[in-house]
Every structure is written in structure tokens, then in C-alpha cells.
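The next block holds one structure in the form of C-alpha cells; read it before the comments.
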Number of protein chains: 2
Amino acid sequence: MSQHSLGDDVSIANVAAVAGVSTATVSRVLSGRRRKDDDLSRRVRAAAKQLNYSVNYAASALRSAKTNSIGLIVPELNNSLYSSLTQAIEPAVNHAGKQLILGIGSTAAEQEQRIRLVLSHRVDALIIIPVETEFIVPFLETVAKQIPVVQLLSQTYSNKLDWVGISETTVMQIIADHLSTAGARSVAYIGSSTDDLDGMTLFTAFHMQMTVSGLSTYTEWIHFTQESVDSGYRIMQKILSDHSFYPESVICSDGLTAVGVYRACAAAGLSVPEEIKIAVLHDSALCENGTFESVSFTSVQLPWDRIAAEAVTLVAAEQERKSWLPSRRELEPELIIRKSTVVSS
Amino acid sequence: MSQHSLGDDVSIANVAAVAGVSTATVSRVLSGRRRKDDDLSRRVRAAAKQLNYSVNYAASALRSAKTNSIGLIVPELNNSLYSSLTQAIEPAVNHAGKQLILGIGSTAAEQEQRIRLVLSHRVDALIIIPVETEFIVPFLETVAKQIPVVQLLSQTYSNKLDWVGISETTVMQIIADHLSTAGARSVAYIGSSTDDLDGMTLFTAFHMQMTVSGLSTYTEWIHFTQESVDSGYRIMQKILSDHSFYPESVICSDGLTAVGVYRACAAAGLSVPEEIKIAVLHDSALCENGTFESVSFTSVQLPWDRIAAEAVTLVAAEQERKSWLPSRRELEPELIIRKSTVVSS
DNA sequence: TTGTAAGCGTTATCAA
DNA sequence: TTGATAACGCTTACAA
């Protein structure tokens with residue numbers, strides 16, 4: 001811990017005086033616009049350090065129209081997807097020397113209001129996990145005319161917005177391949193609601209994978225639900241009610257549902273993973289340790305840090321390029337293999 | 001959704017011209033420094049609206065040294081305590097017409113670095129959930145000389161910092177009273193580690209409540225652990241290994257532990273809540289629906305929105321008062337009674 | 001490459 | 001109460 005000294009009211013003029021140069025030179029050296037690392041540069045930096053100088057962003061922003069801040073709009077934080085991402089973005093933004101201005105909006109209207117707010121504070125760029133994309137995307141496209149905008153995760157295609165995320169198709173492919181390799185020949189699907197685009201994309205990808213990976217499924221084995229242990233339990237109970245015939249594996253949207261599914265299997269006397277394997281689409285703490293009797297769930301982990309790094313790099317780099325085609329950065333999810341799909345040796 | 005018009009480059013001078021007054025008057029009217037709501041005021045406001053004017057905060061900040069932004073420093077977001085609080089603070093800050101600048105730091109050193117960063121952006125105030133308080137509090141006290149600082153949740157006493165939170169003693173009292181009223185005469189305690197002050201405060205409060213509420217406990221029934229289903233299960237199994245003698249209730253620090261405890265009870269053939277009652281100190285989604293077989297856990301819910309509102313009110317109000325004694329606002333937690341402590345009728 | 005000086009858009013001061 | 005004007009601290013033409 002340091003000496004607790006805080007920036008006093010020292011301005012660029014003081015630094016200039018101490019270093020024996022003009023304010024313009026100080027500005028150029030400290031902002032990096034003067035690359036040379038000669039005696040003069042060192043003198044300026046030394047003076048700045050000695051005086052504990054830090055730039056007044058208000059003055060800087062007023063003159064240069066750059067505020068050194070990035071707006072981040074997320075739907076909510078009580079959701080591990082969004083909180084993980086926010087937690088990954090904060091250090092990335094700080095690493096880029098910027099400030100993170102946070103806005104939370106769970107509807108398109110709220111998100112638009114928050115965006116207007118951060119815009120009125122002249123943020124340099126906007127990173128957003130959009131909701132109700134059909135409403136918010138047109139607005140985002142108008143925003144993108146002013147500042148760089150990066151969309152995260154959402155599967156909405158826009159030829160005017162940058163995008164960083166993962167492919168739901170890849171997620172499903174990784175899981176289906178793994179279940180097949182692990183020995184399962186049939187699979188049930190308990191997905192999140194199909195209200196949103198991501199849910200639909202996942203379900204479509206599931207069907208596509210059936211053919212490819214040699215797994216089979218049945219209409220009675222396909223269900224959609226809100227995430228909860230209870231509904232996972234009830235749905236799985238229903239699936240298992242036909243005693244002559246049960247799936248050799250289950251794909252669940254989330255950890256809570258998986259816990260319910262597991263309990264239903266246990267209650268029906270089916271052993272996991274020997275007789276039935278369980279895989280989860282979205283990783284969470286529950287998949288790793290949220291169960292008991294030493295069960296844990298194989299799941300797909302999203303590369304939060306890389307998504308965050310890509311997003312920040314994109315908005316930082318984009319400051320320059322005036323005319324451009326939108327970037328799409330698709331990152332690879334990672335399968336975390338746990339006890340629910342493989343027999344421990 | 002509105003017409004997607006974004007603030008153009010209209011300045012106070014344009015508004016002044018349209019309204020037929022000076023820029024000074026426009027500034028006074030729009031900033032609320034001129035209270036009167038006469039024809040002149042209306043004319044200015046109409047002109048501002050017509051031109052879609054929004055103040056340039058950089059210019060405003062440069063002149064007035066107020067940036068209309070508040071810094072929030074939290075330890076992390078993958079923890080429901082902190083993410084709930086952040087989610088509650090964001091709307092409160094926005095409601096106050098300010099921007100929220102977020103910093104995440106899980107150590108005192110990281111928090112200090114983030115604080116310096118937001119300070120260099122001249123935030124008007126700081127709200128912080130401190131970690132390693134013995135290290136960070138002295139630094140916070142120096143910060144408090146410059147801008148209002150409100151500490152949240154932490155139990156650290158400082159005669160220089162404002163504080164908003166809840167009393168751990170009250171939490172324990174509410175739970176012990178409830179268990180006693182529900183018919184339990186003895187209780188086990190599975191707390192979080194005693195490394196931090198909060199854990200120690202809770203445990204001390206637990207002991208105090210034993211006498212007051214007429215509950216009894218035993219050394220063998222008291223354990224400390226990291227939150228996980230597995231450790232809850234193992235600890236409870238150990239407690240129940242003496243078959244002649246078991247507690248009529250259990251207080252757990254969190255939902256994961258409670259799930260493990262419940263499983264151990266079920267495995268031992270003890271029915272919840274009839275033979276043994278389970279209560280949780282920190283509410284989470286798991287307490288409400290994270291279990292199966294229709295069990296849910298009685299727990300204590302913190303008044304997030306009120307904590308957030310108090311914190312924001314405090315830093316906003318404090319702008320004025322130059323000499324002051326620190327405020328301490330202690331809010332009441334609420335007991336959420338669920339199936340783990342009362343027999344359903 | 002460096003210094004000089006003119007702004008950036010607002011608020012504060014001061015005089016009317 | 002209002003208006004004219006200076007000042008906030010920085011960046012950037014432009015001149016040297």
C-alpha cells in the first residue's frame with residue numbers, strides 16, 4: 001500500500017514550469033503523441049511524477065472530445081452470464097486506461113434511456129449486451145454513427161454493429177460430440193424458453209446435431225422451462241415415467257435444472273453417469289460444486305476474459321477507422337468435463 | 001421507443017439565442033439555480049427542448065468541479081451479495097441524475113488502485129464495499145477529506161466515514177427468535193470462516209442470542225466452512241453421527257451449505273422441518289427454489305433497494321455539509337419464512 | 001521539434 | 001434579477 005497521497009490541484013502548467021518546457025510539450029509527452037524517449041521526455045515525466053500530476057479529464061475532454069470512458073450496458077447482474085461478463089470487462093477497460101460507466105437495463109426502453117445517459121456524458125465507446133434486440137438494434141445503429149458500438153453475445157445480425165460472442169451452434173456441437181463419444185446413443189433436451197433468439201438458436205442447433213453426431217431423440221424428450229431445480233425434477237420424472245424406455249443422456253440449459261434432473265434420475269434408480277449422462281449448456285458454480293454425493297456436471301464454459309478483451313480492443317482500435325465493415329469475432333467455448341458424463345477410472 | 005434522435009452539437013449559446021437571453025441565464029435556469037418558474041424560465045426550457053440541447057458535462061465539470069458521476073467500488077460480481085447491491089445502486093444513482101463509474105477490486109491494493117482511478121476522473125462521491133478493511137480504511141479516510149465516501153455493509157467503525165448497512169446482531173436475533181418460536185430448543189451453527197470481521201461478528205452474535213432466546217448449543221455443533229453443498233453435507237453428517245442426540249435446528253451461512261445440510265438430514269432419516277429446522281443467514285435464489293422435493297429455506301433478506309437509496313442520498317446530500325460527523329444508517333433485514341422451519345398447514 | 005496562443009462550453013464573478 | 005466577461009485546464013493550429 002502506498003503513502004496515501006492524493007492528487008492535489010496541480011495542473012499541466014506546474015509540470016511545464018518544473019520541467020522547464022511549454023505546456024504544449026508536456027501535453028504531447030504525457031499523451032504519448034511525442035514518441036521520442038529522450039532527456040526532455042524523461043524530464044517531463046519526472047516532473048509530473050514529482051508533482052503527483054494527473055490530467056484533468058474534464059478539460060481534456062472539453063478540448064479533444066475524448067473522455068477516456070467506455071459505457072457498458074447490461075440487462076441485469078443477478079445472472080451469472082452477465083455478471084461474469086461485467087466482471088471480465090472491468091479489468092479490460094481499466095487496462096486500456098479507460099473508465100467504465102455502467103448502465104443496467106432489462107428492457108429495450110430502459111437500455112435506450114441508459115445509452116442516452118452515457119452518451120450525454122460523451123463516452124468514447126459503447127459495449128452492450130442487448131435485450132429485445134428487434135427494438136434496440138435500430139437505435140444502436142444510429143448510435144454507431146457517432147461512437148464505436150460493440151454488441152456482445154446476442155445473435156442479432158446487423159451490418160452496422162460490431163459483435164463479439166460465441167456460436168450457439170458450436171456449443172451444441174461440442175456437447176453432442178462429447179455425449180456421443182462418451183457412449184450415449186440417445187438424448188433428451190431440456191432447454192430454456194424459446195422466447196428469445198438464443199433459445200431458438202440453441203434448439204435448432206440441437207436438432208442439426210442429432211443427424212451429425214449419431215444421437216437420437218424423441219418428441220416426448222424435448223421440453224422447455226424456466227431454470228429451477230423443481231422444474232428439472234418434474235420434467236425428468238415425466239420423461240422417466242415410461243419405464244421401458246429412457247434417454248441415455250440429457251442436455252440441460254443450466255445448473256439448477258441439472259440438479260433437478262439428477263435427483264429425478266436418482267429417485268428412479270438410474271445411476272449417473274453409468275446409465276444416464278447429464279450435460280449443461282451454460283456453466284455456473286452449481287455445475288462445479290452445487291451438488292452432493294460427489295456429483296458435478298459437464299458443461300460449456302464461455303471464454304469471458306477473451307470476450308472482454310476482444311470487445312475492448314475493438315472499441316479502442318475503432319476510434320480511428322472511419323469507414324469500416326463491422327467486425328464479427330466468434331470465440332471458442334470450452335467443454336469442462338465433469339463426473340456427470342464420464343465414469344471415473 | 002422514441003425517434004432515435006441523438007444530441008447534436010448544440011451549445012448553451014444556441015439556446016440563449018433562441019430564447020433571447022444570455023448564456024448565463026440559460027445556465028442558471030437549466031441547472032436549477034434560478035428557481036422562479038416564470039415566462040423567461042419556460043422560454044429557456046422550451047428553447048432547450050426544441051434544440052434537443054444537453055449540457056456538455058466536460059465543460060460543466062471543468063468550470064464547476066462537479067462531474068455528475070459517482071464511483072462504486074465492489075469486491076466482485078460473482079457473489080450475490082455484491083451483485084444484488086450493485087444492481088440496486090445503479091438505478092438509485094441514475095435517479096439522482098448521476099453516472100455510475102464501476103471499479104472492481106478484490107484486495108485492498110486493487111481497490112485502492114481503482115479508487116485512485118475514479119478519483120482522477122473527479123467523481124463527486126465514492127460508494128464502496130471495502131475488503132481487507134484494516135488496510136483500506138485509512139486510505140478511505142484520506143479520500144473522505146476530498147469527496148463524500150460511504151462504506152457499505154462492512155462493519156468497520158471509522159469516525160470519519162459514513163456507513164450504511166445492516167446489523168449482524170439483528171440478523172442473528174431475528175433468526176434465533178424465529179427458530180425458538182417455531183419450537184426448536186437447540187441449534188447447530190455452520191458459519192462462514194471467521195477470517196473476516198463479519199464472520200466473527202455473526203458468531204459472537206450467535207452466542208449472545210443463545211442466552212436471550214432460550215436455545216442451547218454444543219461445541220460439537222459449531223463449525224466453520226467455505227460455502228459449498230459438499231461441506232454442508234459432510235459437516236451435518238458428522239453432527240448427526242451421534243445417534244442419541246441431535247440439534248432441533250441448524251443455522252447455515254448460505255444456501256449451498258443449507259442444501260448439503262438438508263441432504264444429510266434426509267439421509268439420516270430426519271424430516272425437515274418437523275424434526276429439524278434449517279435457517280440461512282444470507283438469502284439467495286437457492287433458498288427460494290434451489291432445492292427439490294418442494295423444500296425451500298427460511299432466510300434473512302437484506303433491503304438492497306433501501307441500502308442503495310440511503311447510500312446515494314447520503315453522498316448527494318453530503319456535497320453541502322462541510323463539517324460533519326459521520327452518518328451511520330442501520331437498516332432492518334427481513335426474515336423470509338419458508339418451508340425449512342415451519343410445518344405447512 | 002518546440003513554443004505561443006486560441007479556443008472547447010460551461011459556470012462564476014461582477015457590474016448594471 | 002440579468003448580462004457581459006473572465007476563467008476553468010487542456011489540446012491543437014500555427015508560427016518559429
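None of these values were measured; they are calculated from a predicted model. Hydrogens, waters and symmetry mates are skipped; everything else that's a heavy atom, side chains included, is used. Order of the sequence lines fixes the chain letters, A, B, ..., with proteins taken first and strands second; residue numbering starts at 1 for each chain.
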Mind calculating the distance between [atom1] ([X]) and [atom2] ([N]) to the nearest angstrom?
| X | N | atom1 | atom2 | value |
| --- | --- | --- | --- | --- |
| B:Asn56 | D:dT11 | CG | P | 15 Å |
| A:Asn68 | D:dC10 | CG | P | 13 Å |
| A:Asn14 | D:dC8 | CG | P | 12 Å |
| B:Lys66 | D:dG9 | NZ | P | 17 Å |
| A:Tyr57 | D:dC8 | OH | C1' | 18 Å |
| A:Ile12 | C:dG7 | CD1 | C1' | 15 Å |
| A:Arg122 | D:dC10 | CZ | P | 20 Å |
| B:Arg28 | D:dG3 | CZ | P | 8 Å |

*asked:* Under a 4.0 Å threshold between the charged nitrogen and the carboxylate oxygen, would B:Asp39 count as salt-bridged to B:Arg43?
replied: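 Counted as a salt bridge, because a side-chain N and a carboxylate O are separated by less than 4.0 Å.
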*Between B:Arg116 and B:Glu112, does at least one N-O distance fall below 4.0 Å, as a salt bridge requires?*
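Between B:Glu112 and B:Arg116 there is a salt bridge, with a charged N closer than 4.0 Å to a carboxylate O.
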Between [X] and [N], is there a contact of a side-chain N or O with OP1 or OP2 at under 4.0 Å?
| X | N | result |
| --- | --- | --- |
| B:Ser60 | C:dT10 | no |
| A:Ser22 | C:dT2 | no |
| A:Tyr53 | D:dC10 | yes |

Of the options [options], whose atoms approach the side-chain atoms of [X] most closely?
| X | options | answer |
| --- | --- | --- |
| B:Leu62 | C:dT1, D:dG3, D:dC8 | D:dC8 |
| A:Thr25 | D:dT2, C:dG3, D:dC10 | C:dG3 |
| B:Ser11 | C:dA5, D:dA4, C:dT10 | C:dT10 |
| A:Lys36 | C:dT13, C:dT1, C:dG9 | C:dT1 |
| B:Leu40 | D:dT2, D:dC10, D:dA13 | D:dT2 |

_DNA chain C: 5'-proximal contact among A:Asp38 and B:Ala59 (nearest heavy atom)_ =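 Looking at the nearest nucleotide for each, A:Asp38 comes out on the 5' side.
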*Base, sugar-phosphate, or nothing for B:Arg33, non-hydrogen atoms under 4.0 angstrom?*
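Sugar-phosphate, no base atom in range.
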*With sugar-phosphate meaning primed atoms plus P, OP1 and OP2, does A:Arg34 contact a base, only sugar-phosphate, or nothing at under 4.0 Å between heavy atoms?*
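Sugar-phosphate, backbone atoms only, no base.
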*Residue closer to the 5' end of DNA chain D, B:Ser64 versus B:Ala24 (nearest nucleotide)*: B:Ala24
*Do side-chain atoms of B:Gln99 reach the backbone of A:Leu117 as a donor and acceptor pair under 3.5 angstrom?*
yes
_Any donor-acceptor pair under 3.5 Å from B:Glu90 side chain to A:Ile104 backbone_ =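 It does hold such a pair.
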*Using a 4.5 Å cut-off on heavy atoms from C-beta on, say whether the side chain of A:Val74 contacts that of A:Leu72.*
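Yes. Closest side-chain heavy atoms under 4.5 Å.
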*Measure distances between side-chain N and O atoms of B:Arg63 and base N and O atoms of D:dG9, and say whether any donor-acceptor pair falls under 3.5 Å.*
no
